[in-house]
Amino acid sequence: MKGLVRRSVITLCIALGSLLFWAILELPESRVHLAEQVTPKLAISGVTHPVTAVLLNFRGYDTMLEVAVLFVALVAMLAQRGTRNELHVTAEHRSSIPSHLQVLQWLARVVVPLMILVAGYLLWAGAHRAGGAFQASAVLAAAGVLLKLADMLPVRTTLGPASRSGLLGGLLLFFIVAAAVMPTAPQGSLLQYPHGWAGALILLIEAGLTLSLGLILARMFLLLADDIPSSDGEE
Amino acid sequence: MADLMLDLLLVAALVWTAVQSLTTPNLFRGVVLFIVFGLFMALSWVRLNAPDVALAEAAIGAGLTGALLLNGVGHLREKRRDVSI
């Protein structure tokens, strides 16, 4: 019986896989040629990398809403968590470092400054090659996760004003820029940067986004990782 | 020719790590193979001329998701140890 089920599942998977494969081969040729629309306008976008130009200039509001979605997701997670784990405090005041953390702490001390440097580079490089705010913020978040795993990051259960403004700052900055450029933009267009200012504004927005998204992603990880009631205090 | 060989190797490694990470009975092994799969995926994106997607895949797909999964495996182990005592 079990063998029969397994065999039929495998057969179905292979059939679905070949169907998908066939569908990709049979795809009709796209009638929208986005690359040809983006390339001629690249010169006025303020950046020279097409992906960044689309994400932060031509479709800037799209990115704005994406960041808002991430922020709302974090707020929902915080609300759902509630006061359940209020008493769960990580061991931040240990007198001696446990032996299994010594190597990790040394590694974190060496790697985290480098990661911050890499995040800054990715942010800056986004203007003319692969990179940008999302990648930079992922590296920042990874640095935060590493610090947490090495037990070097005192995580409070409640959000202070500093972390609140950090989490919201990037989105707020994006909104402020969107509101500020509105009077100069033609009627009915959102986030149309004034001529000649695009590059500087994009860099400003991306810097804010990097910081906030990094904090949001790291906070999400910490919430998810901390959520399971564990026996941390018994070590 | 060398490019084709590299691509074929990459595809083979992708399929192999995907199958292995799904079928292995050892959870930790599965997670590690998933991270390896993510890194191969990032390499494939580079080969497809999409370095932006590759960066995102390496940072989020392999890095953050992998760390979360490893954390989950750790918690499961702790729980199992508690039960066995």
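Below, chains carry the letters A, B, ... as their sequence lines are ordered, and counting in each starts from 1. Bear in mind that the values here come from a model prediction, so they are computed numbers and not experimental data.
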Peer 1: Can you confirm whether B:V53 sits close enough to B:L48 that some side-chain heavy atom of one is under 4.5 Å from a side-chain heavy atom of the other?
Peer 2: no
Peer 1: For A:L122, is it the side chain, the backbone, both or neither that has a heavy atom under 4.5 Å from a heavy atom of chain B?
Peer 2: side chain
Peer 1: Might you point out which heavy atoms bring A:A53 and A:L42 nearest each other, and give the distance in Å?
Peer 2: CB-CD1, 3.6 Å
Peer 1: Before giving the answer on side chain to side chain contact (heavy atoms under 4.5 Å, CB included), spell out for A:T52 and A:E206 the whole-Å C-alpha distance, their side-chain angles and the decisive distance to 0.1 Å.
Peer 2: CA-CA 10 Å; A:T52 311; A:E206 281 208 298; 4.1 Å; yes
Peer 1: Does A:D62 have any salt bridge (charged side-chain N to carboxylate O under 4.0 Å, His left out) partners at least two apart in sequence or in another chain, and if so, which?
Peer 2: none
Peer 1: Hey, what do you get for CG (A:L65) to CZ (A:F174), rounding to the nearest 0.5 Å?
Peer 2: 9.0 Å
Peer 1: Return the minimal non-hydrogen interatomic distance between B:A67 and A:V145, and the atom names on each side.
Peer 2: CB-CG1, 4.3 Å
Peer 1: Using only non-hydrogen atoms and a strict under-4.5 angstrom cutoff, which residues of residues 133-141 of chain A touch chain B?
Peer 2: A:Q135, A:A138, A:A141
